[in-house]
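Each remark here refers to the structure printed beneath this line.
Throughout, protein chains are lettered first and strands after them, A, B, ... in sequence-line order, and every chain is numbered starting at 1.
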Amino acid sequence: MRMCTHVIELGVLGLMLVAALSAVLIYTVIGFVPGTDETSVLYPISLALVLTGANPMIVLTFFIAAIVTLNLTNTMPTALVCLPGGVMSSPMIEHAIAVKAKGRSAEVIQKMAAASAIGVAISVPIALVIANLIIPFAQNIRDYAAYLFVFGAIFLSLTSRHKLVSLVSIVPLAMLFMSLRHLYWGVGAVPETRVVTVSFFLGITIGPLLVSLFRLMNRRLLNEVKVDANKTIVVPSEANKKRTLNPFKLLSKEERRFASVSAVLANFLFVLSPVGLTILIGQAAGARAKRQEDRADVAMTTMSALIQATYMSGIVIPLLALGLALSPVALGPGAALFNTPPYFTIDHNIHHILSGWQFTVAVVLGAFVAMTLSYVLISRYAKPITMFILRRIPHEAVLGVFIAFIVLLAYMDAGLINVFGVLLVGLVCGTLNKMGVNYGVQFMSLYAAPTLIGFLLGVF
Amino acid sequence: MKKETLIDIWGDVVAVKSLVLAIVVITTTTMGAHLMAPKDNQTLGLFFGLGGAIFGFAIMAFVLKPKREVFDEDVHPRD
């Protein structure tokens, strides 16, 4: 009997390895394509895997390997050619431009990969420890989850650059989401037990792109974005690339310290928006660099570590400790792991199915395989892969795939009516986004929506 | 020959007509494939849809040329 379970475990372990390798392969390619939004590429593929009914350990390994790979490869187009690989790497752009102007991109890319590895190595154990510390209080936290989102929306507004417009937008946004839900229930588009969330989440992330596309339909606004010629991109030289692969030798003492400390810090702030944290802590670290000329390097390496730490803690802590999607990462890119009926539901998901050690093995395996492979890959082939993508992959096709994904997921979530519902969400959220209401505030408003509407009615 | 209208969107340059074409073609292949899947099977529905998206993307990547001039500094060093 005991032998038997061991044989099964070996089989599962083998499949977990295959899952991790597939994740590295898929997300290395996606990561190098500029402008690929994390949620839109992580959610559909992990959802597909969950829907095959795969073993939860395999699903978890795949997802962890996917975020680790994507978070590193996404920073490559950013650092090399100053096109953001995804939402998370957009705060790096200004520093990437400074580094590129000095012709030091190849060297900084190696440093970023090293910092990224530090971010993963630190946040995996810390996230697991924090999760285990939280477990005794899990029930209390679950009881107050709804208020945490309201608090989160207000907190993120007050820490953002545009405080007032963010704060004032919270309730109207909540009204928008709840009115669409009630419309769908009212006309019978979805059963009243079904709360449409993920497609609204995607509507928020795709919002700024939708607004840009809508503007093209106005001739005057179209003229504003017209350009005369193709985009000229110079891919920097690799002449000053270092030969070592040892992450500690690549980073200065200052860079190592900032990367490590921020990664630790980010783990405790897992309920906050990852991109918000990356900007907040990353810029602060850059500004604290001792020498003016090190600022860009420190900011970019710290951000690389932060991106990994925010995602790792954002998925591991809520999933292991609570089984409730209580962080922006869990609510968006990782939503499939929490709630994909009939495989995972709020009362029966990876949190309930896997034991502590099964969970740990899956996370460690996924993170280790992905980090090792993508680290070597990036250090050796960042440039040829970037050249290939820039010369072969048209930006039109990338934008086209995004729109198609959104239409597909909106349709699957609540039918044709929801395609237009998501369009409405995207237009409102994208417009607010351009006025300074960041993603974090908008996501929190989405999750706080039922509670906020309750407040308005005086039902506490 | 009339020059195509180029615009700057999301940090990169695209031709308006190619962009509209890409959105229409890829959405059509995606939804077309999705609607061909068995109605009662959510899993297959998603897989068909994703397959359609990849198919559409491959066609568009083949048909359209990126609007970028890429220079390699190792080949053309800066002065």
Requested in this report: Might you work through the side-chain contact (heavy atoms from CB on, under 4.5 Å) test for F71(B) and V235(A), ending with a clear yes or no?
Outcome: CA-CA 6 Å; F71(B) 296 100; V235(A) 184; over 6 Å; no
Does any heavy atom of chain B fall under 4.5 Å from the side chain of [X], the backbone, both, or neither of them?
| X | value |
| --- | --- |
| P77(A) | neither |
| I389(A) | backbone |
| L47(A) | both |
| L83(A) | side chain |
| V398(A) | both |
| R391(A) | both |

Heavy atoms only: give me the nearest [X]-[Y] pair and the separation to one decimal.
| X | Y | answer |
| --- | --- | --- |
| Q42(B) | M412(A) | O-CE, 3.7 Å |
| A404(A) | T30(B) | CB-OG1, 3.4 Å |
| A61(B) | A397(A) | N-CB, 4.4 Å |
| A53(B) | F405(A) | CB-CE1, 3.7 Å |
| K226(A) | T5(B) | CE-CG2, 3.2 Å |

Mind ranking [options] by heavy-atom pairs under 4.5 Å with chain B and telling me who comes out on top?
| options | answer |
| --- | --- |
| V50(A), V81(A), V407(A) | V407(A) |
| L213(A), L209(A), N223(A), I93(A) | L209(A) |
| V401(A), T52(A), L409(A) | V401(A) |

May I ask you to name which of [options] has the most heavy-atom pairs under 4.5 Å with chain A?
| options | value |
| --- | --- |
| L50(B), L44(B), L46(B), V25(B) | L46(B) |
| L21(B), I54(B), T27(B), V75(B) | T27(B) |
| D12(B), I23(B), D8(B) | D12(B) |
| V14(B), L64(B), T29(B) | V14(B) |

Query raised in the report: Are V70(B) and V234(A) side-chain neighbours, meaning at least one heavy-atom pair lies under 4.5 Å?
Result: no
Report task. For residues P66(B) and I393(A), determine if any side-chain heavy atom of one lies less than 4.5 Å from a side-chain heavy atom of the other. Result -> no
**Report entry** Under 3.5 Å donor-acceptor, R68(B) side chain and L390(A) backbone
**Finding:** yes
**Report entry** A15(B), part contacting chain A, at a heavy-atom distance under 4.5 Å
**Finding:** both
Query raised in the report: Measuring heavy-atom distances to chain A, does V16(B) have an atom under 4.5 Å in its side chain, in its backbone, in both, or in neither?
Result: side chain
**Report entry** Over 12 foreign heavy atoms within 6.0 Å of CG, N218(A)
**Finding:** yes
Requested in this report: Check step by step if side-chain contact (heavy atoms from CB on, under 4.5 Å) holds for E73(B) and E238(A).
Outcome: CA-CA 8 Å; E73(B) 225 176 52; E238(A) 292 198 310; over 6 Å; no
Report task. May I have the step-by-step check of side-chain contact (heavy atoms from CB on, under 4.5 Å) for V225(A) and I9(B), ending in yes or no? Result -> CA-CA 8 Å; V225(A) 290; I9(B) 186 167; over 6 Å; no
**Report entry** CA sep, side-chain torsions, deciding dist, call: D74(B), K383(A), salt bridge (Lys or Arg N to Asp or Glu O under 4.0 Å)
**Finding:** CA-CA 11 Å; D74(B) 283 323; K383(A) 184 168 166 180; 2.5 Å; yes
Report task. Assess whether side-chain contact (heavy atoms from CB on, under 4.5 Å) is satisfied between D72(B) and M387(A), documenting all intermediate values. Result -> CA-CA 8 Å; D72(B) 183 348; M387(A) 296 285 287; 3.6 Å; yes
